[in-house]
Number of protein chains: 2
Amino acid sequence: MRLREESSTVQVGPEADVVMSSRIRLARNLAGFPFVGRASDAQRHEVLQMVTRAPLGQAFGGGLTWVNMAQTTPQERQLLVERHLVSRHFADSTVPRTVGVDAEETLSVMVNEEDHLRIQTILPGARLDHAFERARLFDQEIESSIDFAFSARWGYLTACPTNVGCGVRVGVMLHLPGLRYTGEMERVKRAAKDMHLAMRGFYGEGTEAVGNFYQVSNQLTLGFSEDDLLRRFTQETVPQLVEYERTARRMLVESNRPLLEDKVFRAAATLRAARLLGSEEATKLLANIRLGICMELIPDVSLELVQRLLLQVQPAHLARIDATATDDDKGRIARAALVRRALRA
Amino acid sequence: MRLREESSTVQVGPEADVVMSSRIRLARNLAGFPFVGRASDAQRHEVLQMVTRAPLGQAFGGGLTWVNMAQTTPQERQLLVERHLVSRHFADSTVPRTVGVDAEETLSVMVNEEDHLRIQTILPGARLDHAFERARLFDQEIESSIDFAFSARWGYLTACPTNVGCGVRVGVMLHLPGLRYTGEMERVKRAAKDMHLAMRGFYGEGTEAVGNFYQVSNQLTLGFSEDDLLRRFTQETVPQLVEYERTARRMLVESNRPLLEDKVFRAAATLRAARLLGSEEATKLLANIRLGICMELIPDVSLELVQRLLLQVQPAHLARIDATATDDDKGRIARAALVRRALRA
């Protein structure tokens, strides 16, 4: 399996102080086939063949790189999850399945996840429009050779009713330490729930918000057009949450500067001193350095370096960089060394 | 209440890598009076008068400085506890009571603790012989004017049967991070129990071993002479425990150096970076720096500075040094600043 040296999300995009990345996901199913969960393996294979053989134009370099999940090692699957190219569910599934990735790794297509196709684009910073354009372009190209299950009344048909309709999930990964440290997070979570937004942890559903990173996405699709959802997200939801977070950070500076400095300076000192470092602790500490850079408390570390390290400290990425990280204990030594080296430079 | 700027235990004594301090405590009761718990306030006052008025020779500068506990503030009582000059029980008690302290603060005499007199000496490092000599000298001087409750059969009579006999408690405060980090602590604790030794935390009975500091003392007195106890402690117990700890530290260097370095370097980095610091966390981190100094991993901090800080980070000491430490929150800011300043110099 060949992946780029680095994920595109390492780059620093618009509104990077709060918005880590923007993500669009389209759910599609092939007409004339049962949903993945009810299909036979023969039918699943047939879906695979049809999708991977569909011609793609120049915008996708003539085709994606397809990775047959049955032929990957657990570590390769873990790498795909860490890069947000596949879901944990897809990595752990046992049905015939494959994922296609474009050259920039901004678009990935899971075949036989919960739906036949999960088309996903991910871009650094607040760039939902671009992410959506690219997903739609792929959707259109593939629809020229494949029929999708579509109802004039309901829209695109999907395995889970929450995706029926336009089948779009619009989401952003936000860094919200200000809201957390000012104690405003619970209020924001309640407001998000009222607005039918899902707020999830670093790796999606059911995961914790390690490092105060939150995935925010729409919960409903039925009755909304793609454009409605996108407009609402880009013009209301994201700017509002960004403003909440920035206000919280200003409050923190003005009314609780020792707490802010304590979190930031401890994180920087610990990462430069530790000889053993777990991936979750590393993520939390890097997240606090990230806050420190945005608050101009850490002048000698770049945001891009922190984003790169956030990726590299994860187990499968670490093992690819440092061959000595063969188990959990050795991984903790290798991770600490990697981070020390990077922050010293 | 006047106390020295600094406790004598800040000094670095013999075997300082493992032995923080040596302590002797004699329990004595006046003949013809009920024990403190059964005496009337009038009788307790009479005991106070007799003890504080007893003449003392030149070895004690002609007399001790007596502090009437009823006239102290809670902060002053806390200061006495932090300096190990009185017990927590004595500080919190409500009976008429007083404590006498000599000019060097190596000897303190609690009047009306559990027994009428608790004579205590404390010296830095492994110096039980000296500590014992000084306690015995005080005991002899005061016995020249006061009759102690003594039975030819049982020896000195005390409120608690565990002190009957010679009435001596011999103890050392040990720093045992090596045994803790190599996982040997539980084995040592069991062995200590078999040898009728008590192992307690930083502030005696029922307290936790914060910073891996342990008070080790004899549990039995009846049937043992003072000299037996002392010989056993100075020639067997202490050298043995010191050797166990040093062996554990060597093991740590040889077989788990990353763990050792992680504990030490994180502690130094955190104490230099923190903007908020609680007293328990400060104690733990200073203890790990202490280990680092002994293992020659921290060349730029002296053992004496760490011992001084171990005392100064405690709430009442901190409040005496920094007047802004008026409550817990402000204390955490003041403590972090104090430690940063000290470690920068």
Side-chain angles (χ1 to χ4, degrees), chain A residues 177 181-183 252-279 281-282 284-286 288-289 291-292 295 297-301 313 318 322 324-341 343-344, chain B residues 177 181-183 252-279 281-282 284-286 288-289 291-293 295 297-301 318 322 324-341 343-344:
Chain A
Y181 295 147
T182 52
L252 208 53
V253 169
E254 282 160 24
S255 65
N256 204 348
R257 197 175 176 95
L259 176 71
L260 171 67
E261 292 188 346
D262 190 63
K263 298 276 184 194
V264 170
F265 294 144
R266 275 181 188 241
T270 303
L271 287 173
R272 285 183 160 117
R275 262 54 182 174
L276 299 172
L277 200 54
S279 68
E281 189 193 6
K284 287 178 183 172
L285 295 173
L286 286 166
N288 281 341
I289 289 199
L291 172 64
M295 305 305 282
L297 291 172
I298 303 270
D300 57 342
V301 182
V313 296
L318 179 68
D322 188 335
T324 68
T326 48
D327 61 28
D328 221 48
D329 277 352
K330 292 189 180 111
R332 296 200 304 148
I333 295 174
R335 186 177 292 109
L338 173 81
V339 171
R340 275 205 316 283
R341 257 197 322 272
L343 292 180
R344 206 183 301 132
Chain B
Y181 296 147
T182 52
L252 207 52
V253 168
E254 283 160 25
S255 64
N256 204 348
R257 197 176 177 96
L259 176 72
L260 171 67
E261 292 188 346
D262 190 62
K263 297 275 184 197
V264 170
F265 294 144
R266 275 181 187 241
T270 304
L271 287 173
R272 286 183 160 118
R275 262 54 182 175
L276 298 173
L277 199 56
S279 68
E281 189 193 5
K284 287 178 183 171
L285 295 173
L286 286 166
N288 281 342
I289 289 200
L291 172 65
I293 296 169
M295 305 306 281
L297 291 172
I298 303 271
D300 57 341
V301 182
L318 179 68
D322 188 335
T324 68
T326 48
D327 61 28
D328 222 46
D329 277 352
K330 293 190 180 111
R332 295 201 303 148
I333 295 174
R335 187 177 291 109
L338 172 81
V339 172
R340 274 205 316 283
R341 256 196 323 272
L343 292 180
R344 206 183 301 134

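Per chain, numbering begins at 1; letters A, B, ... match sequence-line order. No hydrogens, no waters, no symmetry mates; every other heavy atom, side chains included, goes into these values.
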Between chain A and chain B, going by a 3.5 Å limit, which atoms form donor-acceptor pairs, if any?
unit_1, atom_1, unit_2, atom_2, d
A:Asp262, OD1, B:Arg275, N, 2.7
A:Asp262, OD1, B:Leu276, N, 2.9
A:Arg266, NH1, B:Glu281, OE2, 2.7
A:Arg266, NH2, B:Leu276, O, 2.8
A:Arg266, NH2, B:Glu281, OE1, 3.0
A:Arg275, N, B:Asp262, OD1, 2.7
A:Leu276, N, B:Asp262, OD1, 2.9
A:Leu276, O, B:Arg266, NH2, 2.8
A:Glu281, OE1, B:Arg266, NH2, 3.0
A:Glu281, OE2, B:Arg266, NH1, 2.7

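- Counting heavy-atom pairs under 4.5 Å between each of B:Ala274, B:Ala268, B:Ala267 and chain A puts B:Ala274 at the top.
- Per-residue counts of heavy-atom pairs under 4.5 Å with chain A were compared for B:Leu277, B:Leu271, B:Leu276, B:Val264; the largest is that of B:Leu276.
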